Protein chains: 2
Amino acid sequence: MTASAARPDTRPSPRKRAGNGAAPRDIAGDVGLDALVGHAGYAVRRFQIWIFQDFIRTLGDVDIRPTQYSVLTVIGANPGLSQMAVAKRLGIERARLVHLLDSLEQRKLVKRIKSKADRRSHALHLTAPGETALAKFKRLAAEHERNVEAKIGKENRAHLLRILAGFT
Amino acid sequence: MTASAARPDTRPSPRKRAGNGAAPRDIAGDVGLDALVGHAGYAVRRFQIWIFQDFIRTLGDVDIRPTQYSVLTVIGANPGLSQMAVAKRLGIERARLVHLLDSLEQRKLVKRIKSKADRRSHALHLTAPGETALAKFKRLAAEHERNVEAKIGKENRAHLLRILAGFT
DNA sequence: AAAGATTGTTGTTGACGACAACAATTGTCA
DNA sequence: TGACAATTGTTGTCGTCAACAACAATCTTT
């Protein structure tokens, strides 16, 4: 959880002292991050870890991970897409998508249909149970989204989405 | 470093076309995300991928990855910390930190000193070249941070850091 | 038809998180 | 004091994931 709530910038000077190996400090209690605070990447990484764990936990009963959810969502919204198109849209490699689809196809959620137009490619579709399952996943995903709101605040979440809109 | 040639990242605009369930799909160029837009986790994941790649690229000449940089920064700011304390502070496992420190110690950037107080633990310090190297890393990290500003805007970055301050 | 590009697939590599087990050491408590 | 539990660093395994490389089948271009 990493409490560390109120911590103004007033840190007692990073006291550098070499030589002896004895420097007992509060274990995990008050370790200064100093330069690390203020790095966007670090904050985003920690936040992403939290948000993914909450997603996995909230969708734990249906055993759907964030990447699987994104694949299902894109296919559901755009039936007939090729694997290449899905991979390009989601920013994942087509080699990676192969395994993702293998798993989803084994679970009878999606199906690969050999395209008549281009016999190299597969047209991706949701199965009938896949459609109803996705509807349930979306309800759980909305619940996860409410968890995010509860964590950082409703308006902060909205603002964050606006800031990062260019990356979706 | 590969740097992802040609950067297919050139997305004209978020272009939300939500609402209707009908999905007019263009083959590869314009795939609707629909429900995926509006998920904080997706936006954060894409942003984090971008930010890490930029960090790795900007610090490419010195061959320092984000996790390594965070370890060096914490040790530099708190000399004498134990491995357990560093791991707990950064949210990484102590088993993982072992390999990270092995690498950094091989490069003569940090050193493990057997603690006199607790002979189980190691007191972590930067070496002399480690100190000067970290100074250079920090300059490059600041350059990376300016790239983030250029990408999302100065005030947006500041606001984002404020929103996510609780996760650092 | 020949050459080149694309699509799906398989495989490898390396970073990373989650666990489990272990020796050495320290802390605790009867 | 001595037995027992907890901690620290280490090693190892397993699974996820991104980045590449190579390949056969199939377009596309010339």
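A note on names: the letters A, B, ... follow the listed sequences, proteins ahead of strands, and every chain is numbered from 1. Remember, it's a predicted structure, so these values are computed and weren't measured experimentally.
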Can you check whether B/F167 reaches A/I152 side chain to side chain, under 4.5 Å on heavy atoms?
yes
Is the shortest side-chain heavy-atom distance between B/H159 and A/R162 below 4.5 Å?
no
Would you say [X] reaches [N]'s phosphate, i.e. side-chain N/O to OP1/OP2 under 4.0 Å?
X	N	value
B/R96	D/dG9	no
B/S121	C/dT25	no
B/R119	C/dA24	no
B/R45	D/dA18	yes
A/Q53	C/dA18	yes

Could you work out which one of C/dT9, D/dT8, C/dT7 sits closest to the side chain of B/M84?
D/dT8
Looking only at the side chain of B/D118 (C-beta and beyond, no hydrogens), which of the listed nucleotides C/dT25, C/dC19, C/dG8 gets closest?
C/dT25
Taking for each residue the nucleotide of DNA chain D with the nearest heavy atom, is it B/A95 or A/R65 whose nucleotide lies nearer the 5' end?
B/A95
Reading DNA chain D from 5' onward, which residue's closest nucleotide shows up sooner: A/P66 or B/D102?
B/D102
Under 3.5 Å, is there a donor-acceptor pair between the side chain of B/R46 and the main chain of A/A165?
no
Between atom [atom1] in [X] and atom [atom2] in [N], what is the gap in whole Å?
X	N	atom1	atom2	value
A/I56	D/dG15	CD1	P	16 Å
B/H122	C/dT26	NE2	P	12 Å
B/F52	C/dC16	CZ	C1'	11 Å
A/E93	D/dC17	CD	P	13 Å
B/K114	D/dG9	NZ	C1'	13 Å
B/H99	D/dC14	NE2	P	15 Å
A/R46	C/dC16	CZ	P	15 Å
B/Q48	D/dC17	CD	C1'	12 Å

Donor-acceptor pair present, B/R120 side chain and D/dT7 base, under 3.5 Å
yes
Please determine whether any donor N or O and acceptor N or O are separated by less than 3.5 Å between the side chain of B/R94 and the base of D/dG9.
yes
Are there more than 12 heavy atoms of other residues, nucleotides or ligands under 6.0 Å from atom CD of A/Q106?
no
Report which part of the nucleic acid A/Q83 touches: base, sugar-phosphate, or nothing (heavy-atom distance under 4.0 Å, all strands).
sugar-phosphate
Do the two ring centres, one from A/Y69 and one from B/H39, sit under 6.0 Å apart?
yes
